[in-house]
Chemist: 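Can you read through this structure? Questions will come right after.
Quick note: residue numbers are just sequence positions, from 1. Hydrogens, waters and symmetry mates are skipped; everything else that's a heavy atom, side chains included, is used.
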Amino acid sequence: MSGNIYESDRMLHDYLLFHYGTVEDLIPWRDGPRDAYGFPERCVDCLDLESLSSDSRALDLGCSVGRSTIELSKYCSEVIGIDYSQAFIDAANQIKREGSHTVNILESGAHVRKVEVHVPVNSNVDRITFQQGDAHELADELGQFDVVIACNLMCRLKEPRRVLERFSALVKPGGQLFLTTPCTWLEEFTDKEKWLGGQNEAESTLDAIQLAFKSTFELVKTVDIPFVFREHYRKYQWTMSQGSLWRRK
């Protein structure tokens with residue numbers, strides 16, 4: 001998996017802003033797409049949260065800098081966040097440990113503005129473990145979880161079908177799996193023959209996931225989840241991610 005870009009300072013600070021920044025810092029324009037703010041929290045909101053018991057375990061696979069992981073700590077007694085980027089995991093652990101992180105917000109050219117981002121209120125960071133890891137090579141010792149989320153991860157994997165196959169062992173029977181993907185398949189991350197759909201008009205990414213899950217998961221619902229990613233003060237990426245909630249058979 002090509003992970004070098006996710007070790008850069010620029011990418012780290014962009015994701016810290018995406019996960020923890022205020023709406024005014026992320027989208028300063030009043031006419032901007034503010035309904036796309038708070039993507040990590042809105043992903044967790046798509047779960048059947050009422051079905052989670054006080055002793056539920058959760059896994060956030062591809063957790064980035066950890067905002068969804070922290071959100072899950074409000075509902076689960078144990079949460080593990082795993083990401084391939086050591087820089088992202090170090091930042092997540094700093095926020096867990098110190099409660100804040102400095103973010104360099106790019107305005108234009110070489111001009112950056114520094115802000116402090118903070119751990120969200122009502123979080124239970126003592127329930128969280130962040131660790132660096134490869135989604136393709138997860139340890140059996142992780143055990144099983146009541147809920148697993150993997151947000152915007154699948155189209156950045158070298159072998160996405162291999163990871164899909166692993167989910168059946170990670171999710172308890174009756175447990176939840178929530179996936180999101182913008183379906184942005186690129187050969188720099190995934191060889192074309194390993195894309196989940198997208199090689200032709202006949203099969204979508206969701207079709208490919210359903211086929212892989214036909215004997216292990218039942219599709220509960222699909223949802224379109226917008227998000228906005230800031231490049232600088234006057235340039236943004238607006239994307240509509242496809243979310244799917246699954247129940248382990």
Side-chain angles (χ1 to χ4, degrees), residues 1 19 39-85 88-89 92 123-124 127-183 196 205-206 208-223 225 241-249:
M1 178 165 51
H19 276 230
F39 177 79
E41 304 99 287
R42 287 185 288 116
C43 286
V44 173
D45 287 342
C46 290
L47 296 167
D48 178 6
L49 296 171
E50 292 184 356
S51 71
L52 297 176
S53 63
S54 59
D55 61 349
S56 293
R57 300 184 74 225
L59 171 65
D60 184 359
L61 187 59
C63 68
S64 183
V65 291
R67 181 64 180 86
S68 292
T69 319
I70 291 175
E71 190 70 14
L72 284 166
S73 75
K74 299 176 182 179
Y75 307 97
C76 301
S77 62
E78 181 187 3
V79 189
I80 299 175
I82 298 176
D83 200 89
Y84 190 72
S85 168
F88 284 5
I89 291 299
S123 305
N124 295 289
R127 300 176 177 181
I128 295 171
T129 301
F130 288 113
Q131 59 189 63
Q132 190 277 335
D134 187 338
H136 302 87
E137 303 291 346
L138 297 175
D140 292 337
E141 289 75 17
L142 282 173
Q144 289 190 310
F145 298 86
D146 300 277
V147 58
V148 175
I149 68 171
C151 297
N152 293 355
L153 174 67
M154 302 310 299
C155 58
R156 290 298 176 265
L157 295 172
K158 184 177 180 180
E159 298 183 67
R161 284 183 175 81
R162 179 178 169 192
V163 175
L164 288 179
E165 292 171 357
R166 184 73 170 85
F167 285 132
S168 61
L170 288 170
V171 182
K172 295 178 181 179
Q176 302 176 67
L177 170 65
F178 185 67
L179 307 176
T180 73
T181 176
C183 306
L196 298 176
T205 295
L206 184 60
I209 296 173
Q210 284 185 293
L211 183 61
F213 284 169
K214 63 181 180 180
S215 63
T216 54
F217 287 92
E218 177 185 1
L219 179 61
V220 176
K221 66 178 180 180
T222 60
V223 59
I225 311 177
S241 196
Q242 182 177 59
S244 55
L245 179 64
W246 306 82
R247 185 77 66 176
R248 178 75 165 88
K249 294 179 179 178

Chemist: Apply side-chain contact (heavy atoms from CB on, under 4.5 Å) to Arg156 and Asn152, showing your working.
Modeler: CA-CA 8 Å; Arg156 290 298 176 265; Asn152 293 355; over 6 Å; no
Chemist: Using 0.5 Å steps for rounding, measure from the CG atom of Leu138 to the CG atom of Leu61.
Modeler: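 Separation between the atoms: 5.5 Å.
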Chemist: Would you mind telling me which of Val171, Ile209, Val220 makes a side chain to side chain contact (heavy atoms under 4.5 Å, CB included) with Trp246?
Modeler: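 Going through the options one by one, the only one that passes is Ile209.
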Chemist: In the structure I gave you, are the side-chain heavy atoms of Phe130 and Cys63 within less than 4.5 Å of one another anywhere?
Modeler: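 Yes, side chains in contact.
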Chemist: Return the NE2 to CG distance between His136 and Leu157, rounded to the nearest 0.5 Å.
Modeler: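 Taking NE2 in His136 and CG in Leu157, the distance rounds to 4.5 Å.
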Chemist: Indicate the atoms forming the closest heavy-atom contact of Pro160 with Met154, along with that distance.
Modeler: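 Closest approach of Pro160 to Met154, heavy atoms only: O-CE, 3.6 Å.
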Chemist: Tell me whether Ser68 contacts the main-chain N or O of Pro40 through its side chain, where contact means a donor paired with an acceptor under 3.5 Å.
Modeler: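 It does hold such a pair.
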Chemist: Between Tyr75 and Leu47, is a side-chain contact (heavy atoms from CB on, under 4.5 Å) present by the stated rule, with each step listed?
Modeler: CA-CA 11 Å; Tyr75 307 97; Leu47 296 167; over 6 Å; no
Chemist: Would you mind reporting whether Arg57 and Ile80 have side-chain heavy atoms less than 4.5 Å apart?
Modeler: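 Contact flag for Ile80/Arg57 side chains = yes.
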Chemist: Could you give the distance from CG (Asn124) to CG (Leu72), rounded to the nearest 0.5 Å?
Modeler: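 These two atoms lie 11.5 Å from each other.
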Chemist: Please check if the side chain of Glu78 supplies one atom and the backbone of Arg127 the other of a donor-acceptor pair under 3.5 Å.
Modeler: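 Checking the backbone N and O of Arg127 against the side chain of Glu78, no donor-acceptor pair under 3.5 Å is found.
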Chemist: Between Ile89 and Gln131, which heavy-atom pair has the shortest distance, and what is it?
Modeler: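 Minimum heavy-atom contact is CD1-O, 3.4 Å.
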Chemist: Does Phe178 reach the side chain of Lys221, with side-chain heavy atoms less than 4.5 Å apart?
Modeler: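 No, side chains not in contact.
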Chemist: Looking at Gly243, is its backbone amide N or carbonyl O close enough to the side chain of Thr222 to form a donor-acceptor pair, meaning the two atoms are under 3.5 Å apart?
Modeler: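 Side chain of Thr222 to backbone of Gly243, a donor-acceptor pair under 3.5 Å: no, none is there.
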Chemist: Quick one, Arg247 and Asp48 - any side-chain contact, counting heavy atoms below 4.5 Å?
Modeler: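 Counting from C-beta outward, Arg247 and Asp48 do come under 4.5 Å.
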Chemist: Are the side chains of Glu137 and Arg162 in touch, meaning some heavy atoms are under 4.5 Å apart?
Modeler: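 Side-chain contact under 4.5 Å: yes.
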Chemist: Calculate, to the nearest 0.5 Å, the distance between atoms SG and CD belonging to Cys183 and Gln242 respectively.
Modeler: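 Between atom SG of Cys183 and atom CD of Gln242 there are 5.0 Å.
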Chemist: So, for Thr69 and Val79, which heavy atoms are closest and what is the spacing to 0.1 Å?
Modeler: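 In this case the closest contact between Thr69 and Val79 is CG2-CG1, 3.5 Å.
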Chemist: Could you tell me which non-hydrogen atom of Cys155 sits nearest to which non-hydrogen atom of Thr181, and how far apart they are?
Modeler: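 The pair with the smallest heavy-atom distance is SG-OG1, 3.6 Å.
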Chemist: Could you give the distance from CD (Glu165) to CZ (Phe213), rounded to the nearest 0.5 Å?
Modeler: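 Atom-to-atom, Glu165:CD and Phe213:CZ are 10.0 Å apart.
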Chemist: State the CZ-CG distance between Phe167 and Leu59, to the nearest 0.5 angstrom.
Modeler: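 Phe167 CZ to Leu59 CG: 8.0 Å, rounded to 0.5 Å.
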Chemist: Going by salt bridge (Lys or Arg N to Asp or Glu O under 4.0 Å), name the residues that satisfy it together with Lys172, two or more places apart in sequence or in a different chain.
Modeler: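 For Lys172, the residues satisfying salt bridge (Lys or Arg N to Asp or Glu O under 4.0 Å) (neighbours in sequence not counted) are Asp146.
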Chemist: Answer with yes or no whether the side chains of Ser64 and Asp83 bring together a donor and an acceptor at under 3.5 Å.
Modeler: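 On atom types as modelled, these side chains do not qualify, holding no pair under 3.5 Å.
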Chemist: Does a side-chain heavy-atom distance below 4.5 Å link Val147 with Ser56?
Modeler: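 Not in contact.
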Chemist: Do Gln176 and Leu245 have side-chain heavy atoms sitting under 4.5 Å apart?
Modeler: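 Answer yes - side chains close enough.
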Chemist: Does a side-chain heavy-atom distance below 4.5 Å link Thr180 with Ile149?
Modeler: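 SC-SC contact between Thr180 and Ile149 ruled out.
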Chemist: Any idea which heavy atoms bring Arg161 and Ala208 closest together, and the distance?
Modeler: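 Minimum heavy-atom separation between Arg161 and Ala208: NH2-CB, 4.3 Å.
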Chemist: Looking at Gly62 and Leu153, what are the two nearest heavy atoms and their distance?
Modeler: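 Of all heavy-atom pairs spanning Gly62 and Leu153, the closest is CA-CD1, 4.2 Å.
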Chemist: Quickly, which of Ser244, Ser241, Cys46 forms a side chain to side chain contact (heavy atoms under 4.5 Å, CB included) with Val223? Name it, please.
Modeler: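 For Val223, the side chain to side chain contact (heavy atoms under 4.5 Å, CB included) test succeeds with only one of Ser244, Ser241, Cys46, which is Cys46.
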